[in-house]
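Working notes, beginning with the structure itself.
Values reported hereafter were calculated over all heavy atoms of this structure, with side chains retained and with hydrogens, waters and symmetry mates removed.
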Amino acid sequence: MKFLYYLFIFGYFKDNIPKTLLSITGISLGIALFVSTQINSWRAEQSVLDQMIAYSSEKFSGRYVANNQNQGAKDSFLKEIESQIPENIRLEPEFQTKGTITITKDHIQSIPIIGKDILLSSQIMPLPKVGKNKIPKYFISQSLSEKLRTQKTKTNLTICEKEITILEDDYQIIPTEGIFLVMDITRLQSLCYQKNRITSIWLIHDENSNVRSSLENTKSPDWTYESKELILERAGIALGSLKINLTIVSLVSVLISFFMVSNMFTGLYLSRKREFGILLSIGSNKINNFILFLVQAIVIGAFGGIVGILFGIFIANTNFLTTVNTITDINQIRSYRQIPVSIIISGFFISVFGSILASIYNSYKTFQILPIDLIRERDVSNSKFFLGLSHRKTFFLSILFIITGIVIGLVSFAKQILPGMLGVGFVILGFVILNFLCIPYLIRILDKTLSKFHFPPAAEIGLKEIQIEPWKNGLTASTIMLSTSLVFTLTSLTDSYEKSLIRWVDGENKSDYSLINEKKLNSGEPGVPVSLFETLTMDPNFSSVEPFYIDSKFIVNGKYYTLHVFNFTSNYNKNDLIVSKNLCFLDQICKGNSITINTESNSRVSMKIQDEKDHFFSERGTIMMDYSYFQKNYKIKYLNSIRISKNKNLSEKETTNLLQNITRKFDLKYINQTELKKLYMEGMNQVFSILDTLKISALIISILALTTSLVYFIREKSQLLAGLRAIGMDSFQMFQMVYCQALFLVSFGIFSGILNSLILSPIVIFGINRNAFGWILDFQYPLTLVVKLPILIPLITFVICLIPFYFLKQMQISKELKYE
């Protein structure tokens, strides 16, 4: 039996290396996309979590957080809670702020600066080569050390507006992921003029204990207790929607690859059908045939999974795909190199399980083979089609699936993308069934039409062969349909985002110019002095000067939101707030509600929501505050930008000369409205760059699917093709036959994919995207891409046919016509 399995499985692989490699490549591409997107999603989520808990250890169980994170709170609170904690709990005070390091002349990176008691901190001590009399000034993460090595001998670090020079002998490396710097807490407090103030108090335990029950009664107006579970939940919420959307897109790519695999197994079954009949004739049984075919699928799936996982890890570690978010810096995300074992296991399981599902139908067909199939040329025709239903009933079932998918997919349900996923699934299933039904009918119509013209006989033979096997060719067409639909749907999504973003910039920023700090732009840190804004407001050379400030981690009710600060128009109350419509949809913080926020000057204050408006910026929701009210409650020295409208009495050249003088003096940059849009577009493209890669991969998988299908056609019909060559069919006619087959399948698959995307695009934009992020986008469909298809399809088909035609040219007539 072992010899039988070896001969049947590995013997086939050895004799059919190109086909086997194509199948494994198709699986590995899908799995690689899944693994790489999951790794990057995990890294993005981990970066958010680490910034929340300041790169804590596993022994971290909870913390007290100062309500005023910019200035912290008095450390006298330590004495209040010290007497209430259990013996096995240790308190670690911390003061955290942000610093910047100069990477290049035009690039400054923001990093967390963490002040700790170095001797007591479990995060730092004990470390090798560090004694009480020889403690370095700084402890830095591994990733930060790699960046510092790019500097010549020293690095300039800015903390609380003070520039410090860090030499190589001043720091020691902590073997921890992330980008951050740790220093003595008292020194950091002194640098920031915050003596005896801390931003958080860690609770570290050596054994499991119920910490929360001991401390939940300890309350203070300046402090809030957060359990580890709450922090983990908040980190998950911050990137949950983005992670789920990436998972869906990557799984669709996996689905495309397994459609290809299913098509491959159909060809494999047809080419080895007689072998199963021979096995039955020499004493094997149906169950053994079934298991034999299934094991072959598992082996291919396992190989594809292993290759896909390795390729996915390579992609993730080369930063080819990066999951960008608005909370942490992209460099923070890229600093992680750990690979969660759960993702590797999931990728392998999906690969093997997907291969089993892709082959189960053909495995079942091997169970039904009879020895008489040795002499039967074709399967006995059956009037039944899908699940034993007639063609007519199957057609109505497919339409029912599509209509059901549309209805379910467009259900409005905040933070729930399951209805959208089910809708997409129903629509895809309906179209796949329609593909199987339509191919024979379309071939008949095409045959009748072409019979009126002088059409090459070789092309007619190719089309007839497609008509004979609608299941096998329907799978190939469905693979092309899925990849085409994915490309058009994702393009529609990104185009809709682009149009909505441009509309939002035009509506929100009507100024002529914006002053920005280009060096701090990548880190998201404000860098335009408030003092400059106050000076410019008095300058008569500008008709209006407006401030703009962003806080991407504005906490309300334990959740992160984005705060925008600017001058409200006269029709708004400047002491109330405005919220984005997506925040109202997602978290039900709407017009008429009140929220309590932490302020620097007046502790906790309750503010009323006076209005909701479209605000296309944060996927978590945006809170808008008037600058005059913000000044009363917060102390900041820098803005993100200053919006300037030019004076009508001055020419544009005079205005730009004034702005050039200002930018030179304060090391800033001015941009006009067009450049501002470009800036936003670059940020959006960075976020969606991963989708472009997924689109390309989907196209590659579909090309591989069609190539594999044509190769199996040549293998299965080898005797027929050899006979045609023997009676005089030349190479050009052979190519015509293969080309017409490929052209029909490509054209049919792409056309079906366009129809599919016309239904899926609204579901993704107004269903999944709306439920996940709360936005209503301006719908756009890539019609310009559709117009280019008549030119692209013949060229794509020609390229696809080259490999199958090569195998056809290598065919030996005498060998193929020699019967056993």
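Residues Tyr572 and Asp626 have side chains that never bring a donor and an acceptor to within less than 3.5 angstrom of each other. Between Tyr561 and Asp587, the side chains place a donor N or O and an acceptor N or O closer than 3.5 Å (distance only, hydrogens not considered).
A pairwise comparison of heavy atoms in Gly312 and Ser36 identifies O-CB, 3.5 Å as the closest pair. Shown here for Asp170 and Thr165, the closest heavy-atom pair between the two residues is OD2-O, 4.0 Å. Residues Lys98 and Ile113 approach most closely at C-CG1, 4.0 Å, considering heavy atoms. Scanning all heavy atoms of the two residues, the minimum distance from Gln610 to Phe568 falls at NE2-CE2, 3.6 Å.
Two residues are said to be in side-chain contact when any heavy atoms from C-beta on lie closer than 4.5 Å; Ile313 and Ile39 meet this criterion. Within the 4.5 Å cutoff, the side chain of Gln38 has no heavy atoms near those of the Ser346 side chain. Contact annotation: the side chain of Glu94 approaches that of Ile114 to within less than 4.5 Å [non-hydrogen atoms, C-beta and beyond]. The shortest side-chain heavy-atom distance between Lys137 and Tyr171 does not fall under the 4.5 Å cut-off. Annotation: side chain of Phe630 is in contact with side chain of Leu563 (closest heavy-atom distance under 4.5 Å). Put simply, the side chain of Ile81 reaches to within 4.5 Å of the side chain of Tyr64, judged on heavy atoms. By the 4.5 Å heavy-atom criterion applied to side chains, Ile642 and Phe548 are not counted as neighbours. Counting heavy atoms from C-beta outward, Lys581 and His615 have side chains that stay 4.5 Å or more apart.
The distance from the CD1 atom of Ile101 to the CD1 atom of Ile111 is 5.0 Å, given to the nearest 0.5 Å.
Residues passing the side chain to side chain contact (heavy atoms under 4.5 Å, CB included) test with Cys584, sequence neighbours excluded: Cys590, Glu612. With sequence neighbours excluded, the residues satisfying side chain to side chain contact (heavy atoms under 4.5 Å, CB included) with Ser606 are Ser594, Thr596. In terms of the side chain to side chain contact (heavy atoms under 4.5 Å, CB included) criterion, residue partners of Thr186 (sequence neighbours excluded) are, by chain and number, Asp184, Gln189.
Judged purely by atom type and a 3.5 angstrom limit, Asn640 uses its side chain to pair as donor or acceptor with the backbone of Ile550.
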Is there a side chain to side chain contact (heavy atoms under 4.5 Å, CB included) between Phe95 and Cys192? Walk through the geometry before answering. CA-CA 10 Å; Phe95 183 81; Cys192 296; 4.2 Å; yes

Does Met625 form a side chain to side chain contact (heavy atoms under 4.5 Å, CB included) with His564? I'd like the steps, not just the answer. CA-CA 6 Å; Met625 184 183 296; His564 277 198; over 6 Å; no

Can you check side chain to side chain contact (heavy atoms under 4.5 Å, CB included) on Phe180 and Gln96, steps first, answer last? CA-CA 11 Å; Phe180 63 96; Gln96 185 177 166; over 6 Å; no

Using the side chain to side chain contact (heavy atoms under 4.5 Å, CB included) rule, take Val182 and Ile140 through it: C-alpha gap first, then chi angles, then the decisive distance, then the call. CA-CA 6 Å; Val182 179; Ile140 64 175; over 6 Å; no

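Between Tyr549 and Tyr627, the ring center distance fails the sub-6.0 Å criterion.
Within 6.0 Å of atom NZ in Lys162, more than 12 heavy atoms from other residues, nucleotides or ligands are found, so the atom counts as buried in its surroundings.
Taking a cutoff of 4.0 Å between a charged side-chain nitrogen and a carboxylate oxygen, Glu508 and Lys613 qualify as a salt bridge.
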